[in-house]
Amino acid sequence: MSAGRSSARFRGKVAIVTGGGSGIGEAAARRLALEGAYVVVADVADDAGEAVASNIGGQFVHLDVGNAAEWAKVVDEVESTRGGIDLAHLNAGIALGAYPVVVEELTDAEYERIMSVNADGVFHGIRAVVPSMKRRGGGAIVVTSSLAGVGPHPDDPIYAATKHFVIGLVRSLGCPFKEHGITVNAVCPGAVDTPLLDATGRRDAIEARRRPLMIGDDIAEAVTMLLAGSETGHVYTVMSGRGAERYEFPGIPGMPST
Ligand SMILES: NC(=O)c1ccc[n+]([C@@H]2O[C@H](COP(=O)([O-])OP(=O)(O)OC[C@H]3O[C@@H](n4cnc5c(N)ncnc54)[C@H](O)[C@@H]3O)[C@@H](O)[C@H]2O)c1
């Protein structure tokens, strides 16, 4: 997508991108700014977040997405300086460490940490930004899940559980948010070349597979497509060589489709 073709799509919009200091979030923040949005880069990594924000003419805020009080403070600050939030890419996420993650060996601290960032972080984010979007008369949210959010991930079952959690939220909130003009969707990337891959200790194995790694821009393309569009409650896989594809969940036997 060239800057010229789409440079005005988000003009006048205020966007927040969590985990915007690196990887997929950084790419999405850059793309949103390129397309006219004022971008609030939210991250726990201050130097990386500051660098991205200053590079795109946006603003950095220190935010631990798992902390509800910090979310409230950030939204208040953006409302008072920018008038509100129109777009949110709830993207911050972590992997626990070297694969395989053995469930029965996990410490309480490890379990709580990944639940706090990957699951609670998305809940707190939605709860914090939606009132602001309602006051603006609408908005759009995209959550970064994973292929591990729609299928099993034996190497890291807890990561998979957190990514399924956010899919449940997105699919369930699409309908109730509609009357407020708010869309909510999820992207489920395959392997993307970011520092998160190093945390798994499996970069070599992942790189050795037939599909080349994607880059953050590949996911940012899908994120901005969903932030600009009107569909809601949907889940898109994004895979190397295939791009973004809507994932159709099988119906529940005996239940009418919703
Ligand atoms: N890289 C992949 O292959 C891949 C595949 C599927 C999904 N994902 C998901 O994409 C998202 C982004 O990951 P990435 O690959 O760009 O990784 P990354 O490590 O490059 O970026 C993650 C960012 O989130 C920030 N962060 C971590 N904890 C935070 C917290 N508590 N509050 C705020 N910010 C926090 C980090 O400082 C970092 O800047 C994650 O949700 C991840 O699970 C990644």
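Values in this document were obtained by computation on a predicted structure and should not be read as measured data. Order of appearance sets the numbers: ligands from 1, and atoms from 1 within every ligand. Hydrogens, waters and symmetry mates are skipped; everything else that's a heavy atom, side chains included, is used.
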Can you list every side-chain hydrogen bond (donor to acceptor under 3.5 Å, both in side chains) pair that touches residues 14-26, not counting sequence neighbours?
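side-chain hydrogen bond (donor to acceptor under 3.5 Å, both in side chains) check on residues 14-26 returns E26-R30.
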
Does S145 reach the main-chain N or O of K163 with its side chain, forming a donor-acceptor pair under 3.5 Å?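 Flag set: sc S145 to bb K163 pair under 3.5 Å.
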
Check each of V14, I56, V39 against L32 using the side chain to side chain contact (heavy atoms under 4.5 Å, CB included) test, and report the only one that passes.
->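 That would be V39; it is the only one of V14, I56, V39 passing the side chain to side chain contact (heavy atoms under 4.5 Å, CB included) with L32.
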
Apply side chain to side chain donor-acceptor pair (under 3.5 Å) to T237 and list each qualifying residue two or more places apart in sequence or on a separate chain.
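Scan of T237 (side chain to side chain donor-acceptor pair (under 3.5 Å), adjacent residues dropped) gives none.
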
Below 3.5 Å only, please: the N or O atoms of ligand 1 paired with protein N or O atoms, distance on each line.
residue, atom, partner, partner atom, Å
ligand 1, 1 (N), V192, O, 3.2
ligand 1, 1 (N), T194, OG1, 3.1
ligand 1, 3 (O), V192, N, 2.8
ligand 1, 3 (O), V192, O, 3.4
ligand 1, 15 (O), T194, OG1, 2.5
ligand 1, 16 (O), I24, N, 2.8
ligand 1, 20 (O), S22, OG, 2.6
ligand 1, 31 (N), D64, OD1, 2.9
ligand 1, 32 (N), L63, O, 3.2
ligand 1, 32 (N), V65, N, 3.0
ligand 1, 37 (O), D43, OD1, 2.6
ligand 1, 39 (O), D43, OD1, 3.4
ligand 1, 39 (O), D43, OD2, 2.6
ligand 1, 41 (O), N91, O, 2.8
ligand 1, 41 (O), K163, NZ, 2.8
ligand 1, 43 (O), Y159, OH, 2.6
ligand 1, 43 (O), K163, NZ, 3.0

Self-check item: Residue pairs, two or more places apart or on separate chains, that pass ring-ring contact (aromatic ring centres under 6.0 Å, His included) and touch residues 150-176
Solution: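 Checked against ring-ring contact (aromatic ring centres under 6.0 Å, His included) - neighbours excluded - the pairs reaching residues 150-176 are Y99-H153.
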
Quiz prompt | Pairwise side-chain contact, E104 with V102, heavy-atom cut-off 4.5 Å (strictly under) | solution =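 Yes, their side chains come closer than 4.5 Å.
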
